[in-house]
**Q** 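Sharing a structure here in structure tokens format.
Since the structure is predicted, the reported quantities are computational estimates derived from the model, not experimental observations. Side chains included, hydrogens not; waters and symmetry mates left out as well; all remaining heavy atoms used.
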Amino acid sequence: MVARSQSSGIYAGQRDASWLACPRHDGGGRASYTGVRFHVCVEHPAKGGSWSACGIAFLLGPEEEAESVPAWSRCRRNGCRQLYARADQAARDRC
């Protein structure tokens, strides 16, 4: 893990999918990839707690630096995608 003094300050976490009957599926037989993707965590003052930048609720909280999350495991929705790009740019600027 990157030391906080060198970090971009952008963190990622996973969605809590334990409320689904089968956390890897959405109940309709389709695979639920939003539970296994890493979402960028943002604080939502009006709703309280950690939410994802793309709007998905029930995040387990920040788990790791956003730039250290592999590309295949990242959320590709608009809000998360933009903040992942910002975290990657900050990591390149530090080098």
**Q** Can you name the residues that form a side chain to side chain contact (heavy atoms under 4.5 Å, CB included) with Ala85, not counting sequence neighbours?
**A** none

**Q** Evaluate the side chain to side chain contact (heavy atoms under 4.5 Å, CB included) criterion for residues His39 and Arg77: first the C-alpha distance (whole Å), next the side-chain angles of each, then the deciding distance (0.1 Å), finally the verdict.
**A** CA-CA 9 Å; His39 301 272; Arg77 289 180 170 191; 5.7 Å; no

**Q** Grab the two heavy atoms, one from Gln14 and one from Arg37, that are nearest each other, plus how far apart they are.
**A** CG-O, 3.7 Å

**Q** Identify the residue among Arg94, Arg92, Arg74 that makes a salt bridge (Lys or Arg N to Asp or Glu O under 4.0 Å) with Glu67.
**A** Arg94

**Q** Roughly how far, to the nearest 0.5 Å, is the OH atom of Tyr11 from the CZ atom of Phe38?
**A** 14.5 Å

**Q** How would you list, by chain and number, every residue that makes a side chain to side chain contact (heavy atoms under 4.5 Å, CB included) with Gln82, sequence neighbours excluded?
**A** Asn78

**Q** Quick one: side chain to side chain contact (heavy atoms under 4.5 Å, CB included) partners of Arg86, sequence neighbours excluded?
**A** Ile10, Leu83

**Q** Minimum heavy-atom separation for Ala87 and Ala66, please, with both atom names.
**A** CB-CB, 3.9 Å

**Q** Rounded to the nearest 0.5 Å, what separates atom SG in Cys54 from atom CZ in Arg81?
**A** 10.5 Å

**Q** Which heavy atom of Cys80 sits nearest a heavy atom of Ser52, and at what distance?
**A** SG-CB, 4.4 Å

